[in-house]
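Here it is, the structure, as structure tokens.
Below, read A as the first sequence line, B as the second, and so on, with proteins coming before strands; counting in each chain starts at 1. What you see is a predicted model; the values in this text were computed from it and never measured. Heavy atoms only: backbone and side chains are in, while hydrogens, waters and symmetry mates are out.
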There are 2 protein chains.
Amino acid sequence: MARPRPSVDELVAGLRAGDRGVLARAITLAESRRVDDRALAQEVMARLLPEIGGARRIGLTGVPGAGKSTTIEALGVWLVEQGHRVAVLAIDPSSTRQGGSILGDKTRMQRLSALEEAYIRPSPTSGVLGGVARRTREAMVLCEAAGFDVIIVESVGVGQSEAELAELVDCVLLLLVPGAGDELQGIKRGIVEVADVIVVNKADGDALRLARRAAGDYRHALRMLPEATPGWKTPVLTASAAEGTGIAETWATIEEHRAHQESTGGLERRRAAQQLRWLRAQVEEAVLTAFHGREGVAEALREAEDAVAEARATVPQAAARVLAAGFGDSAPETT
Amino acid sequence: MARPRPSVDELVAGLRAGDRGVLARAITLAESRRVDDRALAQEVMARLLPEIGGARRIGLTGVPGAGKSTTIEALGVWLVEQGHRVAVLAIDPSSTRQGGSILGDKTRMQRLSALEEAYIRPSPTSGVLGGVARRTREAMVLCEAAGFDVIIVESVGVGQSEAELAELVDCVLLLLVPGAGDELQGIKRGIVEVADVIVVNKADGDALRLARRAAGDYRHALRMLPEATPGWKTPVLTASAAEGTGIAETWATIEEHRAHQESTGGLERRRAAQQLRWLRAQVEEAVLTAFHGREGVAEALREAEDAVAEARATVPQAAARVLAAGFGDSAPETT
């Protein structure tokens, strides 16, 4: 049974008051399969947009087993102690397929989720509309409107989410573990090059020396790569989320990155470019989805793929057939 | 005045005979703005596709000043001495805007261009249709049909061409110069991560030690990055194209990479994936170009960008307006 839908004013007022129930409701409306629910959420966000933009948007990624949850918990609790209000969102493309993690996120971060000043949004379940990135962007806006000034977006390391992370946040934090080379199997190509801060975690006990050596190796390696943020040499820290060491240093480095970006105007440019790319991506995705949904296109594409694979047609010839299937006589030309 | 158009049979026969004039003509037809010219070239390629596929497709990129032309000249002349027939194609997005390099490519590689067993296709001039990648792919097919068994695609390091290079070839060779860090300004993000072979050039005279150290640094750095070719540790060589050292070793490494890819089935997979991505990209580009060409869309997009930049609308709201401008009542929804 659907609850009565709140009005735009009620939602806006509830968010401004930092009401957690209203926040949860607004995010659910933004993710809804119903057009009117989403339109309502959009109106709410449009009203709030001019008021927001100051929150820290931090992305955290790393190989499975790097200690992402433990790090978010340690950093989040520490930030709350410093007076911040912290929201944690996970981008987890797999959860939409597998039914979602109903308890997962909160049990992963028990201490943080118990705090009034923290908000952990469980990964969306299946039955939710929209790409992972869109849902996360909108949840970020709504969390900030509800007074959270640090938003941590966690990429759980499945599929495309790492590549999307840099498009969502101001600062990408890459979490690594000590060891030499082997653990890199889990890192997606391109993620090291978009890391603004690297933390080698599990720098404790017997692994401490190994962690320091790994940090040195990464520092050295980064000299060989283009900078993720122009003019900013990505620092490599060591930390132990389990023991709580390196947490304050990690935050201080994130703040230095922020200050760097603010002084160069890079933050404004980064966010503006993210918005424009998102706008274009939304338009183009809708146009392409409409095309691929036309009768006959899916079949024509399969046939075209076979023809190309079997060297029966050149790619432009095969592409022209797919376009003819979708547009008929008004098919555009390939270039 | 247009020359009489040759028939498919004439072109196919001329290419099979390795006729350079026919090759040049076929490439020009493939690049033509005239639909019938391009259709003719496509028919020719469709006829030849089943016969080709054995040639080495090598991409070469590097920062400006790394010695790309000198390296291609040295490698190309050496390959001809070994009995190969070598074609050189440049992907140069800038030339389509600036009128093309009419003499440029041949004067850059005088010794190579004088050889009967080499074919250097000047960068296309403006007035040519099609994306850089498409033109290069088609020129590759035609060169191979004309009997060239090594195709070197040179990315001149402007704009998007480096990112496209890995989509065109079997093996990406990245050319670097000795020195520490500063020269990386010229490298586009992501290119190190797709390099299958790295060569530190200008390893001669006083720079020899510096070049060896840079090679060691890169070897070390690569351990920190995901592999460009699964299971293949990207080797880092030193060479001096000017003195002709390291050329045979570079080729031997390219051949090792080839053998690795053939033994794992990776070459077939790589080429099949490139073809399918190209097919989809051609279809989608045509669909999007048609959409953006509809009356009112360009203006709606500009307005949408302003609205987003000024926080007057959310991105989904702004995207919906662009879609409405293009499709009217039948506009697809954003997701």
Side-chain angles (χ1 to χ4, degrees), chain A residues 35 38 42 45-46 49-50 129-131 134 137 141 180-181 184-185 187-190 192-194 217-218 220-221 223-226 272 275-276 278-279 282-291 301 304-305 308-309 311-319 322-323 326-327 331-335, chain B residues 35 38 42 45-46 49-50 129-131 134 137 141 180-181 184-185 187-190 192-193 217-218 220-221 223-226 272 275-276 278-279 282-291 293 301 304-305 308-309 311-319 322-323 326-327 331-335:
Chain A
V35 176
R38 294 205 304 281
Q42 292 300 325
M45 284 184 271
L49 275 185
L129 189 82
R134 197 216 71 185
R137 276 178 217 272
V141 167
L184 284 176
Q185 301 303 325
I187 297 192
K188 292 291 178 305
R189 198 181 287 170
V192 175
E193 297 198 351
V194 298
D217 283 350
Y218 273 101
H220 202 81
R223 288 174 37 215
M224 305 286 135
L225 294 174
Q275 293 263 74
L276 291 190
W278 181 25
L279 173 63
Q282 277 237 312
V283 169
E284 299 194 340
E285 197 185 291
V287 170
L288 292 174
T289 303
F291 174 77
L301 187 58
E305 289 176 347
V308 166
R312 285 187 280 110
T314 66
V315 167
Q317 286 173 334
V322 179
L323 292 165
F327 288 106
E333 273 181 47
T334 59
T335 54
Chain B
V35 176
R38 295 204 305 280
Q42 292 299 327
M45 283 185 270
L49 274 186
L129 189 81
R134 196 215 72 185
R137 277 178 217 271
V141 166
L184 285 176
Q185 301 304 325
I187 295 192
K188 292 290 179 304
R189 197 182 287 170
V192 176
E193 297 197 351
D217 284 348
Y218 272 102
H220 202 81
R223 286 174 39 216
M224 304 287 136
L225 294 174
Q275 293 262 74
L276 291 190
W278 182 26
L279 173 63
Q282 277 238 310
V283 169
E284 300 194 339
E285 198 186 289
V287 170
L288 292 175
T289 303
F291 174 77
L301 188 58
E305 289 176 347
V308 166
R312 285 187 280 110
T314 67
V315 167
Q317 286 174 334
V322 179
L323 293 165
F327 289 107
E333 272 180 48
T334 58
T335 54

*Can you tell me how far CZ of B/Arg38 sits from CD of A/Gln317, rounded to the nearest 0.5 angstrom?*
12.5 Å
*So, for B/Pro332 and A/Ala286, which heavy atoms are closest and what is the spacing to 0.1 Å?*
CG-O, 3.6 Å
_Proximity breakdown for B/Val283 and chain A, heavy-atom pairs closer than 4.5 Å_ = both
*Flag side-chain contact, heavy atom, 4.5 Å: A/Leu225 against B/Leu225*: yes
*Go through the atoms of A/Ala272 and report whether side chain, backbone, both or neither lie under 4.5 Å from a heavy atom of chain B.*
neither
*asked:* Under 4.5 Å from any heavy atom of chain B, what part of A/Ala309 do you find: side chain, backbone, both or neither?
replied: neither
*What part of B/Leu276 lies closer than 4.5 angstrom to a heavy atom of chain A: side chain, backbone, both or neither?*
side chain
*Provide the closest heavy-atom pair for B/Ala46 versus A/Thr314 in the form atom of the first, atom of the second, distance.*
N-CG2, 3.5 Å
*Proximal component of A/Val35, with respect to chain B [non-hydrogen, under 4.5 Å]*: side chain
*Taking every heavy-atom pair that is under 4.5 Å apart, which of B/Glu284, B/Arg137, B/Met45 has the most such pairs with chain A?*
B/Glu284
_Engaged part of A/Leu323 at the chain B interface, taking heavy atoms whose separation is under 4.5 Å_ = side chain
*Between B/Val287, B/Val315, B/Leu49, the one whose heavy-atom pairs under 4.5 Å with chain A are most numerous*: B/Val315
*May I ask you to name which of A/Leu288, A/Val322, A/Val194 has the most heavy-atom pairs under 4.5 Å with chain B?*
A/Leu288
*Should A/Val192 and B/Glu193 count as side-chain neighbours, where that means a heavy-atom distance under 4.5 Å?*
yes
_Restricting to non-hydrogen atoms, name the atom on B/Ala311 and the atom on A/Pro50 that form the minimum distance, rounded to 0.1 Å._
O-CG, 4.0 Å
_Could you report the tightest heavy-atom contact between A/Pro316 and B/Gln282, atom names first, then the distance?_
CA-OE1, 3.3 Å
